[in-house]
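Working notes, structure below.
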Amino acid sequence: MSAVVYLPGAAPGIDRFEEFKAALPLRVVRARRGFGGFITFDLGGEKGRDAITQEPQYDWHLWIYMCDWDLYKADSRILWRRESDNALAGAVLEMLNGEMLTDIEYDDTDDCFVFRFSGGFRLHLDPDFFDYDGDDDLFMLFRFGERDALNYSPRKRFYRAA
């Protein structure tokens, strides 16, 4: 059973992606490691506080999960999804705090993304067809105040779901 609800009549997902790109550059407020190989980014300005946790909420929240990802500084890979040392991963991701997300490249022929940050950082995302399948999302992008998320998977491409 799936908890994803498709929203008929909602603007196509590519529209949200273009809105996100148009908002660049965005300041990385908080980059951190989630469970396993998941990573999250809070981007932009503070918009309020979560009603339950009182954690600050920002313009955008990017959750990268069911994919392979590699983080580079200049030409050196400094972190990757399968990095098992959580302390190292946390320290490396903290280096992105305060940097700016400046550009996103998307290649629809191989479903790969490159997120470019100031400071010489690049985050590469690509599907991991060894561990997942084409319906699995590479990321979810949340916009403050919206009730849905922009998701991306190789089979579904950009789509909005709640």
Report task. Mind running side chain to side chain contact (heavy atoms under 4.5 Å, CB included) on Arg157 and Asp108 for me, showing each step along the way? Result -> CA-CA 9 Å; Arg157 302 295 176 147; Asp108 63 354; 3.4 Å; yes
Query - side chain to side chain contact (heavy atoms under 4.5 Å, CB included) evaluation trace for Leu79 with Ile39 - result: CA-CA 11 Å; Leu79 192 64; Ile39 54 176; 5.6 Å; no
Requested in this report: Would you please test Arg81 and Asp128 for side chain to side chain contact (heavy atoms under 4.5 Å, CB included) and show each step?
Outcome: CA-CA 11 Å; Arg81 179 179 70 103; Asp128 178 1; 2.5 Å; yes
Requested in this report: Determine, step by step, whether Met95 and Phe121 satisfy the side chain to side chain contact (heavy atoms under 4.5 Å, CB included) criterion, reporting the C-alpha distance in whole Å, the side-chain angles of both residues, the deciding distance to 0.1 Å, and the verdict.
Outcome: CA-CA 9 Å; Met95 293 188 319; Phe121 294 98; 3.9 Å; yes
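Here the CD atom belonging to Glu94 is positioned 13.5 Å from the CZ atom belonging to Arg33, to the nearest 0.5 angstrom.
A donor-acceptor pair under 3.5 Å is absent between the side-chain atoms of Asp111 and the main chain of Ser153, judged by distance alone. Proximity of a side-chain donor or acceptor of Trp69 to a complementary backbone N or O of Gly37 within less than 3.5 Å is detected. Without hydrogens or angle criteria, Thr102 side chain to Arg116 main chain gives a donor-acceptor distance under 3.5 Å.
Annotation: side chain of Asp135 is in contact with side chain of Lys156 (closest heavy-atom distance under 4.5 Å). Side-chain contact check for Pro154 versus Leu138: some heavy-atom pair is nearer than 4.5 Å. With a 4.5 Å cut-off on side-chain heavy atoms, Asp126 and Asp110 do not count as touching. Looking at heavy atoms from C-beta onward, Leu71 lies in side-chain contact with Leu96 at the 4.5 angstrom threshold. Residues Leu150 and Phe20 form no side-chain contact, since every pair of their non-hydrogen atoms from C-beta on lies 4.5 Å or further apart. Counting heavy atoms from C-beta outward, Thr40 and Phe142 have side chains that stay 4.5 Å or more apart. Contact annotation: the side chain of Arg30 approaches that of Tyr58 to within less than 4.5 Å [non-hydrogen atoms, C-beta and beyond]. Between Glu18 and Arg16, every side-chain heavy-atom pair lies at or beyond the 4.5 Å cut-off.
Residues Trp60 and Ala23 share a closest heavy-atom pair of NE1-CB, 4.1 Å. The shortest heavy-atom contact between Met100 and Pro25 is CE-CB, 3.8 Å. For the pair Asp42 and Arg32, the tightest heavy-atom approach, listed with the atom from each and the gap, is OD2-NH2, 4.4 Å. Nearest approach of Arg160 to Glu146, heavy atoms of both residues: NH2-OE1, 4.0 Å. What you find for Trp63 and Tyr65 is that their closest heavy atoms are O-CD2, 3.6 Å.
Applying the side chain to side chain donor-acceptor pair (under 3.5 Å) criterion to Asp133, with sequence neighbours excluded, gives no partner residue.
Ion pair Asp70/Arg122 not flagged as a salt bridge, since none of the NZ, NE, NH1 or NH2 atoms sits closer than 4.0 Å to an Asp/Glu carboxylate oxygen. Glu99 and Lys73 are not joined by a salt bridge, as no carboxylate oxygen comes within less than 4.0 angstrom of a charged side-chain nitrogen.
A side chain to side chain contact (heavy atoms under 4.5 Å, CB included) with Phe41 is found for exactly one of Ile64, Leu141, Leu101, namely Ile64.
In this structure, Tyr152 has its ring center no closer than 6.0 Å to that of Phe17.
No more than 12 heavy atoms of other residues, nucleotides or ligands shown are found within 6.0 angstrom of CG on Asp75.
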